[in-house]
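See below for the structure under consideration.
By convention here, the first residue in the shown sequence is residue 1. Here the structure is a predicted model, which is why all the values come from computation and not from measurement.
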Amino acid sequence: MTMKTKRFLYTLAASVMLAAMGGLVTACTSNDDNPVSPSDNNNPWEANDLSFDLGTAKMGVKLVEGGECALQFERDGETNTVTGTLSDYYIGPVEVSNKVWAAVMGQKPEGQTNDGDMYPVTMVNYYDIAGPGGFLEKLNTMVKDQLPEGKQFMLPTPLQWQYAAQGGKKSKGYTYSGSNTIGDVAWYKDNSDATIHPIGQKQGNELELHDMSGNVRELTSRSLNDGKIIVFGGDWTSDAKSCNVKLSIFDASATASESLGFRLVLADVPQPEAIDLGLPSGTKWANMNVGASKPEDYGLYFAWGETVGYSSDANDGRSFDWASYKWCNGTYDTQTKYCTDSSYGTVDNKTTLDLEDDAAYVNWGSNWRMPTIAEIQELFDNTTSEWTTVNGVNGRKFTSKSNGNAVFLPAAGYRNGSGLYYQSTYGGYWSASLNESNPYYALRLYFYSEDQYASNGSRRNSGFTVRPVLRN
């Protein structure tokens with residue numbers, strides 16, 4: 001694909017909000033009164049709307065018709081509702097199997113107790129799947145000539161996963177994915193005999209999707225607390241409550257386990273544009289932020305050098321502080337990477353982010369990266385800038401002095417500790433550059449309504465947005 005990790009983690013605005021929400025409840029209705037019945041296909045992974053040849057395996061997907069959806073989420077005893085719209089997309093009728101994994105990666109993962117071809121692949125972590133050189137990158141490259149135009153394989157967003165698990169437009173509102181009787185649709189603690197089972201043995205749901213309750217929990221593309229990734233569905237060790245698709249939401253670290261797997265979606269990927277501003281270096285700036293679906297979206301907030309982003313919901317449990325920061329051991333003076341001063345940790349004298357730690361490169365793919373502080377200064381020097389509003393969103397518009405092209409950077413504010421600050425009045429954007437004289441800080445672009453700056457830095461653990469540039 002030309003993408004890494006979360007493969008252009010652009011989502012609809014509702015999807016981004018849901019990335020940080022716990023206890024989701026979908027309230028989608030249908031006029032379809034036909035009961036769900038078990039699939040009469042002994043190989044449900046073969047009953048698909050689209051199929052892809054992987055050489056030694058085939059993999060298919062089922063169409064999910066999108067539409068309006070209202071989701072309720074619960075936190076601290078309070079219930080709130082978020083509405084959103086999903087475009088049509090495709091989803092795997094079963095979890096990715098060992099056979100499919102081996103067809104793409106060349107071998108099955110090590111450490112599995114059940115490594116038969118038709119068991120769901122386990123013992124792989126988030127980065128094995130979505131990181132640079134991982135399963136998604138290799139899969140999309142392998143099938144690039146088979147992909148419908150404008151679509152790629154990726155992990156589902158939480159909204160896509162839950163909408164499909166509950167039957168989409170055909171939803172009957174079942175407690176579990178396809179039934180109110182858990183044993184019909186799920187391998188769980190009371191019927192699994194303490195072991196994982198092959199894919200597709202249980203009854204499918206309204207969309208003929210199998211195992212979305214039980215067997216293995218399933219990763220999505222969005223993060224929750226402290227870099228952990230949202231997973232759904234319960235597994236073969238779970239009680240019935242944990243398999244409830246209306247209420248159950250879990251988070252898991254990147255650690256591989258025998259109870260964690262994934263399924264894929266095939267969906268439209270909103271393409272960012274590279275805007276030629278006539279800069280002397282030839283650097284082209286993206287027209288939107290990482291995690292955004294349009295130029296005025298705020299997108300996601302990242303600590304410097306971290307590639308898992310968070311929404312603007314400061315109640316998501318993520319605290320942007322040294323205790324949760326990836327590149328230290330819990331304090332500012334125990335830095336483990338990007339350190340130029342022994343007073344702050346282990347010195348490696350790295351002053352520019354490696355691509356593997358670059359939020360633009362990892363989330364958008366090999367064509368993109370974060371700008372250096374010199375490139376930010378070049379942007380300032382060769383454009384005129386004005387505070388303006390686009391579709392109700394405040395920000396600064398940078399217009400080229402040479403060709404009149406422009407980019408708009410929304411005033412997304414920033415996250416620090418457990419708070420969100422100055423949204424709509426301030427914009428802060430990370431560069432890829434460390435403050436070489438004081439590694440407590442990384443350098444950033446920031447602006448208010450009155451002025452703009454290429455700064456001496458902000459604490460690396462703070463959460464700022466990212467505006468990529470095109471890699472030369």
Holding to ring-ring contact (aromatic ring centres under 6.0 Å, His included), I want the full list of residues that pass it with [X], two or more places apart in sequence or in another chain.
X    : value
W101 : F135
Y421 : Y414
W322 : Y325, Y440

Sub-6.0 Å ring centroid separation between [X] and [Y]:
X    : Y    : result
W430 : F464 : yes
W304 : Y441 : no
Y310 : Y301 : no

Is [X] reaching over with its side chain to a backbone N or O of [Y], donor-acceptor style, under 3.5 angstrom?
X    : Y    : answer
R217 : D235 : no
W327 : G305 : yes
T383 : L379 : yes
R318 : S418 : no
N215 : D211 : no
Q452 : L445 : no

With sequence neighbours excluded, tell me which residues meet salt bridge (Lys or Arg N to Asp or Glu O under 4.0 Å) with [X].
X    : result
R444 : none
E378 : none
R460 : none
E273 : none

Does a donor on one side chain and an acceptor on the other come within less than 3.5 Å for Y332 and N461?
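No, N461 and Y332 have no side-chain donor paired with an acceptor closer than 3.5 Å.
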Between N435 and S437, do the side chains contain an N or O donor and an N or O acceptor separated by less than 3.5 Å?
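There is such a pair between these side chains.
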Salt bridge (Lys or Arg N to Asp or Glu O under 4.0 Å) pairs, two or more places apart, involving residues 320-341
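Passing the test, one end in residues 320-341: K337-D354, K337-E356, K337-D357.
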Excluding sequence neighbours, so at least two apart, what forms side chain to side chain donor-acceptor pair (under 3.5 Å) with [X]?
X    : value
S424 : none
R471 : none
N329 : none
Q146 : none

If you measure from [atom1] on [X] to [atom2] on [Y], what distance do you get to the nearest 0.5 Å?
X    : Y    : atom1 : atom2 : answer
I376 : L443 : CD1   : CG    : 8.0 Å
I91  : Q160 : CD1   : CD    : 7.5 Å
L434 : T372 : CG    : OG1   : 13.0 Å
Y338 : T351 : OH    : OG1   : 10.0 Å
K62  : L209 : NZ    : CG    : 8.0 Å
Q162 : S177 : CD    : OG    : 10.5 Å

Would you say that more than 12 heavy atoms from the other residues, nucleotides or ligands in this model lie under 6.0 Å from the CD of E386, or not?
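Yes, enclosed.
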Crowding at NZ, K401 (>12 non-hydrogen neighbours, <6.0 Å)
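Enclosed.
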Considering non-hydrogen atoms only, spot the tightest contact between [X] and [Y] and give its length.
X    : Y    : value
N363 : T307 : ND2-O, 3.1 Å
T56  : A103 : OG1-CB, 3.3 Å
E296 : P410 : O-CB, 3.8 Å
N349 : T340 : OD1-CA, 3.7 Å

If the test is ring-ring contact (aromatic ring centres under 6.0 Å, His included), which one of F262, Y163, W161 qualifies with F232?
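Running ring-ring contact (aromatic ring centres under 6.0 Å, His included) over F262, Y163, W161 with F232 returns exactly one hit, W161.
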For a salt bridge (charged side-chain N to carboxylate O under 4.0 Å, His left out) check, start with the C-alpha distance between K151 and D268, then their side-chain angles and the critical distance, and finish with the verdict.
CA-CA 4 Å; K151 297 183 186 296; D268 294 328; 2.7 Å; yes
Determine whether N403 and S400 satisfy the following criterion, side chain to side chain donor-acceptor pair (under 3.5 Å), listing intermediate values before the conclusion.
CA-CA 6 Å; N403 64 19; S400 170; 3.0 Å; yes
Describe, in one word, how the ring planes of Y446 and Y453 are oriented to each other, choosing from parallel (under 30°), tilted (30 to 60°) and perpendicular (over 60°).
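Because their plane-to-plane angle is under 30°, the rings of Y446 and Y453 count as parallel.
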Test side chain to side chain donor-acceptor pair (under 3.5 Å) on Y429 and N289 and set out the steps.
CA-CA 9 Å; Y429 288 78; N289 293 347; 3.2 Å; yes
Going through the distances and angles, do T389 and N394 end up as a side chain to side chain donor-acceptor pair (under 3.5 Å)?
CA-CA 4 Å; T389 301; N394 292 336; 2.9 Å; yes
